[in-house]
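Position 1 is the first residue of the sequence; numbering continues from there. Being a predicted model, the structure only gives us computed values, none of them experimental.
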Amino acid sequence: MQPLIDHARRFGQRPEEFAPHAAGQSPAVLFVTCSDSRVVPALITGARPGQLFELRTAGGIVPPYGTGSPSGEAATIEYAVEVLGVEDVVVCGHSHCGAVGALVRGEDLSAVPAVRDWLAHAAPDGAPGRPDDPAVTDAVHGHVLAQLLRLRSYPCVERRLADGLLRLHGWYYEVHTGAVLEYRSGSDTFEAL
């Protein structure tokens, strides 16, 4: 923890760099990804403060829209699309994902009931893939596509897509190489950016 504290102390010694941020934010991209500590959106994209609006959840899951009381995830998506007017949404899955791996392997999550219940939102059919693949590549690819489909069910997303004001992107980040692949609908594959 001490290195993080030391950096935070030095970070706050450059107020002139951050003063413009007091006027507000206008990110162009909503970046939806996993809470995994190895996935750092600003590092992956080279974004500076104010360029990405981030939604990080266990497994990068986009919960179904309108299932009872509002969720923080749904509010984040709605705010990004309706208020901030983002033009792009990236759903970025990653290799070696513990959440998707747990689904693929059918792990017993009874000791972590909140995690178990959250992962139930992943997709109706779980996460098909090879349990012997530690990177869970195929399963994460399918998971990213399922989350993109789920996003389309949000009224604000559906409306902005229909108006041609929003684009959706599916990415796959390899934590062991740093490579980023993007889903290409024409070939139905994930290919290098």
Side-chain angles (χ1 to χ4, degrees), residues 1 3-5 8 29-45 47 52-81 86 89-157 168-183 190:
M1 184 71 190
L4 300 176
I5 292 169
V29 178
L30 169 61
F31 200 94
V32 180
T33 194
C34 187
S35 302
D36 191 299
S37 63
R38 300 166 294 179
V39 180
V40 183
L43 182 64
I44 294 167
T45 62
L52 293 178
F53 197 69
E54 295 181 24
L55 171 58
R56 298 187 64 148
T57 69
I61 294 171
V62 173
Y65 182 79
T67 54
S69 57
S71 69
E73 297 81 18
T76 299
I77 293 164
E78 191 173 75
Y79 187 81
V81 171
V86 297
V89 178
V90 173
V91 174
C92 183
H94 67 94
S95 69
H96 303 86
C97 181
V100 173
L103 293 170
V104 168
R105 293 183 290 274
E107 292 178 6
D108 177 10
L109 300 173
S110 57
V112 284
V115 173
R116 178 197 60 219
D117 295 349
W118 175 252
L119 294 184
H121 290 299
D125 58 353
R130 295 184 4 247
D132 61 331
D133 174 14
V136 289
T137 303
D138 293 339
V140 174
H141 286 179
H143 179 70
V144 166
L145 297 179
Q147 304 321 299
L148 286 170
L149 186 60
R150 178 87 47 77
L151 268 172
R152 291 176 175 275
S153 73
Y154 281 63
C156 60
V157 172
L168 302 180
H169 310 271
W171 286 12
Y172 175 76
Y173 172 65
E174 294 181 343
V175 300
H176 56 292
T177 67
V180 179
L181 308 177
E182 181 177 30
Y183 177 71
F190 281 78

[Y] backbone acceptor or donor facing [X] side chain under 3.5 Å:
X: R150; Y: H121; value: yes
X: Q147; Y: V62; value: yes
X: S95; Y: V175; value: yes

Is the shortest side-chain heavy-atom distance between [X] and [Y] below 4.5 Å?
X: V144; Y: Y183; answer: no
X: F53; Y: Y79; answer: yes
X: E73; Y: I61; answer: no
X: V29; Y: V89; answer: no
X: V91; Y: H169; answer: no
X: V90; Y: L30; answer: no
X: Y173; Y: L181; answer: no

[X] [atom1] to [Y] [atom2] distance, which is reported to the nearest 0.5 Å:
X: D138; Y: F190; atom1: CG; atom2: CZ; result: 10.0 Å
X: H94; Y: H143; atom1: NE2; atom2: NE2; result: 8.5 Å
X: L109; Y: L119; atom1: CG; atom2: CG; result: 6.0 Å

Nearest heavy atoms of A139 and V100, plus distance in Å: CB-CG1, 3.6 Å

Looking at every non-hydrogen atom in both residues, tell me the closest pair between G59 and A99 and how far apart they are. CA-CB, 3.6 Å

Counting only pairs under 3.5 Å, give me each side-chain donor-acceptor contact of residues 32-43, with atom names and distances, residues two or more places apart or in other chains.
{"from": "T33", "atom 1": "OG1", "to": "C92", "atom 2": "O", "distance (Å)": "2.7"}
{"from": "S35", "atom 1": "OG", "to": "T57", "atom 2": "O", "distance (Å)": "3.4"}
{"from": "S35", "atom 1": "OG", "to": "A58", "atom 2": "N", "distance (Å)": "3.4"}
{"from": "D36", "atom 1": "OD1", "to": "R38", "atom 2": "N", "distance (Å)": "2.7"}
{"from": "D36", "atom 1": "OD1", "to": "R38", "atom 2": "NE", "distance (Å)": "2.9"}
{"from": "D36", "atom 1": "OD2", "to": "R38", "atom 2": "NE", "distance (Å)": "3.4"}
{"from": "D36", "atom 1": "OD2", "to": "R38", "atom 2": "NH2", "distance (Å)": "2.7"}
{"from": "R38", "atom 1": "NH2", "to": "H96", "atom 2": "O", "distance (Å)": "2.9"}

Run the ring-centre check on H141 versus Y172 and record whether the distance is less than 6.0 Å. yes

